[in-house]
Amino acid sequence: MRFSWSWSDMIICVQGPHPLLAEEKFRRQSLRGIAVDLSEQIMQPRSVTVFQGESAPAFMAPAPENNLPRMRDPEEDLLCIAKTFSYLRESGWYWGSITASEAKQHLQKMPEGTFLVRDSTHPSYLFTLSVKTNRGPTNVRIEYADSKFRLDSNCLSKPRILAFPDVVSLIQHYVMSCTVENKNEAPYTPPSPLSSMQKEMVAAAVHLKLIRPLSRKDSVPSLQHLCRLQINKSTEEVDQLPLPRRMGDYLKQYPFQL
């Protein structure tokens, strides 16, 4: 997420105790932020009303064949979701079907930036990211569409939200972004004074920092997994390492750094 007048690579989310109202639409669109769910129930997908003119043309020309939508193969989605579940189970910080309240209890006493991934309680989503912010634990749903995962956001900002082939890749991207930002911290002076509306939006925003995953207490990482993470941090060319084939296959089962 990028603001022309704010920090780079900062996830900025707007919280609120009520469902999204029509009169709040301009505020949400101005923020271009990622939708945050503080209680798991307040974020509801907004229905899209198709605009209809007063009169319809008497004849509609058929669309060219090359413009027809591509038929999706259900097996492609199944394979993508199965791969994501496999990666998450290997990670150790996937907590499965815990509730928002349980996630809050686990994160409440943790430092800012601690996070976990769990199953979403909303039927339209598969996963939810729960993270400890400077205002306490909060939740961001993870959307799945067209074999890609992205953080939930409003309709206008959605094209600018990065999409990833699996949830672990998504989480790792934002963790790495926060790591680079922390290393390159420097005083930032806005190019021009913020308007009163912009100041209000910044004050109401929740800044998400993904720093460290919270592993399950019943899923202590094995020594093999810790070594795998260290190797992945050292090189991306696993195939070039002089390792036995079985060990190489083990590294490829989880090609991530966290």
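- The residues R150 and E143 are annotated as salt-bridged, a charged nitrogen and a carboxylate oxygen being separated by less than 4.0 angstrom.
- The minimum heavy-atom distance linking Y250 with H225 is given by the pair OH-N, 3.3 Å.
- Aromatic pair F164/F149: centroids not less than 6.0 angstrom apart.
- Considering every non-hydrogen atom in both A103 and L116, the closest pair reads CB-CD1, 4.4 Å.
- Looking only at atom types and distance, the side chain of R118 has a donor-acceptor partner in the side chain of S130 under 3.5 Å away.
- To the nearest 0.5 angstrom, I142 atom CD1 is 10.5 Å from D119 atom CG.
- Note that NE2 of H122 and CZ of R141 are 5.0 Å apart. Values are rounded to the nearest 0.5 Å.
- Considering all non-hydrogen atoms of both residues, R216 and Y94 come closest at CD-O, 3.1 Å.
- The structure places CZ of F127 at 12.0 Å from CG of L129, a figure rounded to the nearest 0.5 Å.
- Considering only heavy atoms from C-beta on, V175 stays 4.5 Å or farther from I211 through its side chain.
- Of all heavy-atom pairs spanning V131 and L107, the tightest one is N-CD1, 3.7 Å.
- Rounding to the nearest 0.5 angstrom, the gap separating the NZ atom in K132 from the OG1 atom in T138 is 12.0 Å.
- Side-chain atoms of D166 come within 3.5 Å of backbone atoms of V168 as a donor-acceptor pair (strictly under, hydrogens ignored).
- The two residues A100 and N139 have their closest heavy-atom pair at CB-ND2, 4.1 Å.
- The structure places CG of L162 at 11.0 Å from NZ of K148, a figure rounded to the nearest 0.5 Å.
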Derivation of the side chain to side chain contact (heavy atoms under 4.5 Å, CB included) call for V140 and T128: CA-CA 6 Å; V140 183; T128 293; 6.0 Å; no

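- In this structure, Q230 CD and Q257 CD are separated by 9.5 Å, a value rounded to the nearest 0.5 Å.
- Across every non-hydrogen atom of F115 and I171, the tightest pair is CE1-CG2, 3.3 Å.
- Within a 6.0 Å sphere centred on CD of Q108, other residues, nucleotides and ligands contribute more than 12 heavy atoms.
- No donor-acceptor pair under 3.5 Å is formed between the side chain of E76 and the backbone N or O of S147.
- Annotation: side chain of K209 is not in contact with side chain of Y174 (no heavy-atom distance under 4.5 Å).
- Here the side chains of L258 and L229 are not in contact, with every heavy-atom distance at 4.5 Å or above.
- For the pair T114 (side chain) and M110 (backbone), a donor-acceptor distance under 3.5 Å is absent.
- Both I81 and V167 are assigned to one and the same hydrophobic cluster, defined by single-linkage of ILVMFWY side chains at heavy-atom distances under 4.5 Å.
- Between P111 and R212, some side-chain heavy-atom pair lies under the 4.5 Å cut-off.
- Using a 4.5 Å cut-off between side-chain heavy atoms of Ile, Leu, Val, Met, Phe, Trp and Tyr, with links allowed through other members, I98 and V117 fall into different hydrophobic clusters.
- One side chain, Y144 or D77, offers a donor N or O that lies under 3.5 Å from an acceptor on the other.
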Can you give me every donor-acceptor pair (side chain of residues 237-248, partner residue at least two apart or in another chain, under 3.5 Å) with its distance?
| residue | atom | partner | partner atom | Å |
| --- | --- | --- | --- | --- |
| D239 | OD1 | K252 | NZ | 2.9 |

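- For residues 84-93, the set of pairs meeting the side chain to side chain donor-acceptor pair (under 3.5 Å) definition, not counting sequence neighbours, comprises E90-R228.
- With hydrophobic clusters built from ILVMFWY side chains whose heavy atoms lie under 4.5 angstrom apart, L88 shares a cluster with Y254.
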